[in-house]
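See below for the structure under consideration.
All residue numbers refer to positions in the sequence shown, counting from 1.
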Amino acid sequence: MAKMSYKVPTSLNRSFLDHEITLSKGGWAAKPSPIKQLFFFGGGVLALLWAVTQTFVASSGPVFITLFVIWGLALIVYFGGMTKTKELRAMNVPALLAYAPPRARNVFTRRSSDPSDFYSIVGIDGIEEDGRIHFSDGGEGQVYLVVGSASYLLFDEDRIAILDRVDAFWRKIDTNCEWAFITTKEPQRIYHQVASLEHRNHALEVRDPDLIELQNEQYDILTQHVGGKFTSIHQYLLLKGKSADALRRAHMVLQAEVEGSALMIKEATVLDREETEPMLRVFYQGIDDELHSLKASLG
């Protein structure tokens with residue numbers, strides 16, 4: 001039976017400092033706080049008191065001391081806050097400092113540039129003709145175009161059946177393979193429509209100017225409006241196994257799920273290299289550049 005509500009389970013990497021305690025039954029202190037947050041607040045206040053009494057700040061005058069204390073308390077409260085992943089904001093400071101230099105925020109992809117920086121971001125050694133992805137960490141992956149069953153118009157019994165099926169599915173997943181669902185908003189795919197239009201153009205026996213103009217008008221509508229301005233939601237599933245055997249087992253589980261029931265996944269289409277590369281290109285190149293590349297390849 002499906003649950004009425006769900007929550008993110010507690011991480012297995014939880015330590016003593018991650019345990020939450022409640023300081024009071026009412027007021028602002030009624031919200032549970034991790035022990036590491038309380039330690040951070042206590043250490044920050046002690047460090048602020050030390051700075052005010054033992055450094056040059058002590059001889060700076062009451063106005064400057066007051067402003068320094070207000071600034072210090074605001075800094076402690078902000079960096080002592082928790083993120084959505086239950087981590088202190090202060091833990092993000094090293095990553096922020098590494099990202100601050102302008103050179104760290106730019107990756108050059110010229111043919112004459114060192115490919116190490118871009119390779120560290122992508123982490124892909126190559127993609128085979130059938131779409132098999134070889135990752136730099138030794139893993140192998142495959143991308144599927146999937147269609148699910150979720151809808152706002154579902155009846156209660158259908159919703160419960162889907163939740164039960166999904167819950168049972170994730171209980172039998174092997175941990176040697178990652179299942180990553182990728183949802184993108186991309187321009188509508190017009191490859192088949194353009195190919196049909198080109199086939200009809202070559203099949204014309206009478207090259208009438210009006211027919212040619214009508215063909216060009218339809219081509220412009222497809223490439224500039226339907227395939228350029230109108231976007232739709234596409235959902236992909238990336239299976240990344242630690243080995244080829246782990247990926248094969250995950251593929252068998254996915255295939256059995258699609259063939260056994262349409263509650264979780266209605267359709268799953270394996271993408272080859274020509275279809276996988278444009279999907280990955282959206283992340284590294286952007287949608288606007290992808291549209292320019294599509295128009296160049298079509299025209």
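- No continuous path of ILVMFWY side-chain contacts below 4.5 Å connects V57 to L49, so the two sit in separate hydrophobic clusters.
- The structure places OG1 of T276 at 4.5 Å from CG of L271, a figure rounded to the nearest 0.5 Å.
- When side chains are defined from C-beta on, V253 does not count as touching R249, because their heavy atoms never get closer than 4.5 Å.
- Pairs passing the salt bridge (Lys or Arg N to Asp or Glu O under 4.0 Å) check and including a residue from residues 133-145, sequence neighbours excluded, read R132-E140, D137-K240.
- Sorted by first and then second residue, the salt bridge (Lys or Arg N to Asp or Glu O under 4.0 Å) pairs with a member in residues 262-273 read E129-R273; sequence neighbours excluded.
- In this structure, V166 is a member of the same hydrophobic cluster as L239, with clusters built from ILVMFWY side-chain heavy atoms closer than 4.5 Å.
- Between the CZ atom in F41 and the CG atom in L46 there is a gap of 13.5 Å [rounded to 0.5 Å].
- Looking at heavy atoms from C-beta onward, L88 lies out of side-chain contact with F79 at the 4.5 angstrom threshold.
- The same ILVMFWY cluster, assembled from side-chain heavy atoms under 4.5 Å apart, contains both L73 and V93.
- A 4.5 Å side-chain heavy-atom check between E128 and H134 finds at least one atom pair inside the cut-off.
- The side-chain heavy atoms of Q255 and H251, taken from C-beta on, include a pair separated by under 4.5 Å.
- A donor-acceptor pair under 3.5 Å is formed between the side chain of Q142 and the backbone N or O of D130.
- Partners of F169 under the ring-ring contact (aromatic ring centres under 6.0 Å, His included) rule, at least two apart in sequence or in another chain, are W179.
- F108 and S113 make their closest contact through CB-OG, 3.6 Å (heavy atoms, listed as atom of the first residue, atom of the second, distance).
- From L214, atom CG reaches atom OH of Y219 across 15.5 Å, with rounding to the nearest 0.5 Å.
- For the residue pair F40 and A90, the shortest heavy atom distance occurs at CE1-CB, 3.8 Å.
- In this structure, the separation between CG on L238 and CG on L280 is 8.0 Å, given to the nearest 0.5 Å.
- Criterion: ILVMFWY side-chain heavy atoms under 4.5 Å apart, direct or through other members. Under it, L97 and L75 are part of a common hydrophobic cluster.
- Side-chain atoms of D164 and I160, non-hydrogen and from C-beta on, do get closer than 4.5 Å to each other.
- Residues that satisfy the ring-ring contact (aromatic ring centres under 6.0 Å, His included) test with F181, not counting sequence neighbours, are absent from this structure.
- Checked by atom type and distance alone, the side chain of S60 never pairs as donor or acceptor with a backbone atom of I65 at under 3.5 Å.
- Although no hydrogens or angles enter the test, the distance criterion places a donor-acceptor pair under 3.5 Å between the side chain of D18 and the main chain of S15.
- Distance CG/L145 to CD/Q235: 9.0 Å, rounded to 0.5 Å.
- R165 is listed as a side-chain neighbour of E257, based on a closest heavy-atom distance under 4.5 Å.
- Although no hydrogens or angles enter the test, the distance criterion places no donor-acceptor pair under 3.5 Å between the side chain of D167 and the main chain of L163.
- In this structure, S33 contributes its side chain and L38 its backbone to no donor-acceptor pair below 3.5 Å.
- Salt bridge status for K36 with E87: present, with a side-chain N to carboxylate O gap under 4.0 Å.
- Atom CD of E213 has 12 or fewer neighbouring heavy atoms from other residues, nucleotides or ligands inside a 6.0 Å radius.
- Taking every heavy atom of both residues into account, L254 and A268 meet most closely at CD2-CB, 4.4 Å.
- Applying the salt bridge (charged side-chain N to carboxylate O under 4.0 Å, His left out) rule to D158 yields no partners; only residues at least two apart in sequence or on another chain are considered.
- I265 CD1 to L263 CG: the interatomic distance, rounded to the nearest 0.5 Å, is 11.5 Å.
- In terms of heavy atoms, I133 sits closest to I127 at CG1-CG1, 4.3 Å.
- Under a cut-off of 6.0 angstrom, the local environment of CE in M91 is sparse, with at most 12 non-hydrogen atoms contributed by other residues, nucleotides or ligands.
- Considering every non-hydrogen atom in both V270 and Y144, the closest pair reads CG2-CE2, 3.3 Å.
- For the residue pair Q37 and G81, the shortest heavy atom distance occurs at NE2-CA, 4.0 Å.
- Ring geometry for Y236 versus H234: interplanar angle under 30°, hence parallel rather than tilted (30 to 60°).
- Taking the side chain as every heavy atom from C-beta outward, M264 and I162 never approach each other to under 4.5 Å.
- Every residue two or more places apart in sequence or in another chain that forms a side chain to side chain contact (heavy atoms under 4.5 Å, CB included) with F16 is listed here: H19, I35.
- Following chains of ILVMFWY side-chain contacts shorter than 4.5 Å, one cannot reach L48 starting from L67, and the two form parts of different hydrophobic clusters.
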